[in-house]
Every structure is written in C-alpha cells, then in structure tokens.
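Both counts, for ligands and for their atoms, begin at 1 and track the order of listing. Note that these values count all heavy atoms, side chains included, but never hydrogens, waters or copies made by symmetry.
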Amino acid sequence: MESGEKGRRRLCRILGVVAVLLLVVILALVLGLTLGQKAPTFKATFIAKCKAFNASMVHEDDCEKLWGVFEQAYVGRDPCEVPMEAYDPLIAAVPFKLECKRMMFWSKSKDVVHEFTKKGDCFLTLENTLLGSVLDGLTWCGKKGSSETFTTSCPGWDDCVNNPVRSFWNRVSAAFADAACGDVSAMLNGSIATPFNPTSVFASIEVKRFKYPRVKSLNVVLVTQANSVTNCTNASLKDLQKELDQGITYNCKEVSEARLEECSSNKTIPCGACW
Ligand code: DVN
C-alpha cells in the first residue's frame with residue numbers, strides 16, 4: 001500500500017511542477033505579446049481618425065498632407081509658445097463649410113451635446129467636423145530642438161495660454177464661429193450657476209464672432225435636470241444677450257436632459273422639433 005501512496009504523491013508533485021511551468025510559459029507569452037504591441041503613435045492615431053471620418057470625403061493622401069500641415073504648428077517649439085495663429089495654415093487647408101441653421105455650439109455640456117448630435121443628421125458641433133473629430137480627446141506637444149510629437153508631460157489647459165492643445169481649440173473654435181450662419185444654436189448647462197461663463201471658449205471666442213446679418217439668431221438650449229439651479233432668467237444669460245452683435249435675435253429654451261435623450265432615441269421626432 002505504502003509504495004502505492006508514495007507513487008501517488010510523486011505523481012502529484014510532477015503534475016504540480018508541470019502546471020507551474022505551463023503557467024509561467026503562458027504568462028511569458030501574454031507579456032511578450034502585450035509589450036510587443038506598441039501603442040500606436042500620435043501620427044498613426046491622427047491618420048486613422050482622419051481616414052475614418054466620412055471616408056467618401058477624405059482621400060488617402062489627404063490625411064498624410066493634413067498631418068504635415070498640423071504638426072508644423074507646434075513641432076520643434078517650446079510648448080508654451082504656440083499661439084493660436086500657428087494653426088492658421090491648418091484652417092486654410094480645411095476650411096469649414098457654411099452650415100446655416102445646423103450649427104450647435106456648447107459650453108460645459110460636452111457629453112450631453114454630443115449624445116444629442118451623434119446621429120449627425122440634425123445639428124453639427126465642432127467635434128462633428130473633420131478637425132474637431134480627429135483631435136477631440138487627444139493631447140500633444142513638441143519640444144525645442146526635437147522633431148517629435150509628445151503625448152505626455154505636455155502643458156495642461158491652464159498651465160500656459162499658448163499651449164498646442166488650447167491654441168488648437170481656440171483657433172478651430174474661432175473658424176467654426178466665423179462659419180456660423182442663419183439660426184445658430186448653443187447648448188448650455190442649466191445645472192451650474194453661470195451657464196454663460198466669460199472665460200469659456202464659447203464666450204471669449206465664439207460669441208464674439210457671431211456677426212449680423214450672417215448670423216440671424218442665437219437659440220440657447222439650457223439643459224435642465226431635476227436639480228437644476230438656473231433657468232433662462234439667469235444673470236449670465238442676460239450678459240450673453242448684451243454681448244450679441246446688434247441685429248441678432250436671442251431665444252432661450254429650458255429643455256430637460258430626459259427630453260434630449262428622448263429626441264435622440266425617437267427617430268419619429270423630426271430635426272428641430274425637440275424643443
Ligand atoms: O462651442 C464649443 C465648441 O465649439 C468648442 O470648440 O468650444 C466650445 C466649448 O468650449 P467652452 O465654452 O470652453 O466649454 P468648456 O466645457 O468649458 O470646455 C470645452 C472643452 O475645452 C473641455 O471639454 C475641455 O476639453 P476636454 O478636456 O473635455 O477634452 C477643454 N477645457 C476647457 N477648459 C478647460 C479644459 N480642459 C482642461 N482644463 C480647463 N480649464
């Protein structure tokens with residue numbers, strides 16, 4: 001009996017060693033595969049997002065050319081010395097099409113506005129355009145004496161005004177506002193005390209570029225929730241009205257987030273009939 005017992009124990013020990021060895025081999029393989037797959041470079045991400053944008057409108061080599069125009073704005077420069085004008089050649093290369101009545105601006109409402117416009121067949125935000133969609137959510141910068149694009153240790157939004165990301169959004173926002181025409185919409189946040197914040201891009205850059213008679217009206221959609229603290233009588237919205245170019249008609253509508261969600265999901269509600 002004993003020798004049988006010893007045999008079983010020896011077999012268990014051998015099986016245990018084999019299982020550990022197998023585990024080590026599998027772990028090594030997974031680690032090798034993971035480390036071997038380098039994260040795509042910023043350029044590769046840029047090109048892929050550019051090509052993915054409405055493929056019928058963007059051709060293969062357009063994206064390569066666009067990359068060259070884009071990177072010249074910041075590569076080799078101090079990342080706190082990239083003014084918004086550095087992106088002028090990029091705007092010239094991809095001018096915004098006039099989209100009268102469809103343009104939707106926003107402020108402090110990024111998630112809800114893009115949830116609402118993601119169908120793309122009604123309103124158009126900057127992030128639904130080629131440049132806005134390619135660069136949305138990305139971080140980049142250059143460095144003096146280097147031809148590389150960095151995506152880490154870049155200055156944050158507030159670290160310095162003339163950083164590559166903030167200057168890009170300021171420049172494309174200005175161009176997007178310059179292309180606004182007809183009845184313009186703006187989705188603002190009814191859950192904050194100052195829906196029209198003077199330091200925001202919408203206030204400091206975009207509203208200032210709405211010029212009558214190119215822009216006929218500004219329709220504010222104030223997104224409300226159960227805990228909303230503001231409504232269309234809010235003081236900052238009165239400031240917005242004062243800022244508007246003479247001749248532009250101002251409207252404000254309080255619309256619940258639930259209603260916006262209903263309009264997004266219910267295809268029978270026609271465009272512009274949500275509020
Ligand atoms: O009309 C829109 C749109 O056209 C856009 O181009 O500008 C308008 C929105 O800008 P906004 O009025 O300044 O609104 P927000 O919500 O204050 O800021 C918009 C975005 O700018 C934020 O979503 C931030 O981008 P992110 O981080 O979500 O990719 C960025 N931003 C603004 N202030 C920032 C900041 N990021 C970090 N720190 C800050 N202080």
Side-chain angles (χ1 to χ4, degrees), residues 42 45-46 49 70 79-80 82 84 87 90-91 94-118 120 122-141 151-181 183-211 215 217-223 225 230 234 236-237 239-240 243-244 248 250 252 257 260:
F42 184 87
T45 303
F46 181 103
K49 289 180 85 176
F70 170 75
C80 277
V82 178
M84 60 189 275
Y87 290 98
L90 181 67
I91 300 300
V94 193
F96 287 109
K97 210 159 57 68
L98 286 180
E99 296 274 1
C100 296
K101 292 186 184 289
R102 290 189 67 212
M103 292 172 87
M104 173 74 79
F105 293 80
W106 54 274
S107 191
K108 318 291 181 207
S109 56
K110 186 174 188 178
D111 295 342
V112 64
V113 74
H114 290 137
E115 187 54 37
F116 182 66
T117 60
K118 69 182 174 189
C122 198
F123 290 98
L124 194 71
T125 66
L126 171 59
E127 295 71 22
N128 299 117
T129 67
L130 174 62
L131 290 177
S133 68
V134 169
L135 281 310
D136 192 23
L138 301 184
T139 296
W140 65 92
C141 64
T151 55
T152 53
S153 6
C154 292
W157 188 272
D158 286 328
D159 291 345
C160 50
V161 176
N162 288 334
N163 68 65
V165 174
R166 183 167 180 166
S167 289
F168 169 81
W169 288 111
N170 286 341
R171 186 62 191 85
V172 288
S173 298
F176 192 58
D178 286 341
C181 52
D183 301 322
V184 171
S185 303
M187 195 169 280
L188 303 181
N189 188 335
S191 301
I192 55 177
T194 319
F196 182 63
N197 181 323
T199 63
S200 67
V201 172
F202 176 60
S204 62
I205 290 182
E206 294 173 324
V207 168
K208 295 181 184 312
R209 300 172 94 101
F210 295 159
K211 296 300 177 196
V215 173
S217 71
L218 174 65
N219 302 301
V220 167
V221 176
L222 192 67
V223 183
Q225 292 171 331
T230 53
N234 177 274
S236 74
L237 296 177
D239 295 339
L240 168 50
E243 289 267 333
L244 277 179
I248 296 178
Y250 169 88
C252 178
E257 199 164 339
L260 293 174

*salt bridge (charged side-chain N to carboxylate O under 4.0 Å, His left out): pairs with one or both residues in residues 125-137, sequence neighbours excluded*: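 Listed by first then second residue: Lys110-Asp136.
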*asked:* Can you give me the closest heavy-atom contact between Lys49 and Val134, atom names plus distance?
replied: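 For Lys49 and Val134, the tightest heavy-atom pair comes out as NZ-O, 2.9 Å.
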*Compare all side-chain heavy atoms of Leu188 with those of Thr230 and state whether any distance is below 4.5 angstrom.*
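No, every pair of side-chain atoms sits at 4.5 Å or beyond.
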*Between Leu126 and Trp169, is any pair of side-chain heavy atoms under 4.5 Å apart?*
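Sidechains of Trp169 and Leu126: in contact.
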_For the aromatic rings, using the six-membered ring if either is Trp, is the centroid distance between Trp140 and Phe46 under 6.0 Å?_
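Distance test on ring centres: not under 6.0 Å, no.
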*Is the side chain of Ser167 donor-acceptor paired with the backbone N or O of Pro164 at a distance under 3.5 Å, no angle test?*
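A pair under 3.5 Å: no.
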Find all protein N or O atoms under 3.5 angstrom from an N or O atom of ligand 1 and list the pairs with distances, or write 'none'.
unit_1   : atom_1 : unit_2 : atom_2 : d
ligand 1 : 1 (O)  : Trp106 : N      : 3.1
ligand 1 : 1 (O)  : Trp106 : O      : 3.0
ligand 1 : 1 (O)  : Glu206 : OE1    : 2.6
ligand 1 : 1 (O)  : Glu206 : OE2    : 3.3
ligand 1 : 4 (O)  : Glu206 : OE2    : 2.7
ligand 1 : 6 (O)  : Ser173 : OG     : 2.6
ligand 1 : 12 (O) : Ser107 : OG     : 2.8
ligand 1 : 12 (O) : Val201 : N      : 3.4
ligand 1 : 12 (O) : Phe202 : N      : 3.0
ligand 1 : 13 (O) : Val201 : N      : 2.8
ligand 1 : 14 (O) : Ser107 : OG     : 3.4
ligand 1 : 16 (O) : Lys108 : N      : 2.9
ligand 1 : 17 (O) : Lys108 : NZ     : 2.5
ligand 1 : 28 (O) : Lys110 : NZ     : 3.1
ligand 1 : 29 (O) : Lys110 : NZ     : 3.1
ligand 1 : 33 (N) : Trp157 : NE1    : 3.3
ligand 1 : 40 (N) : Asp158 : OD2    : 3.0

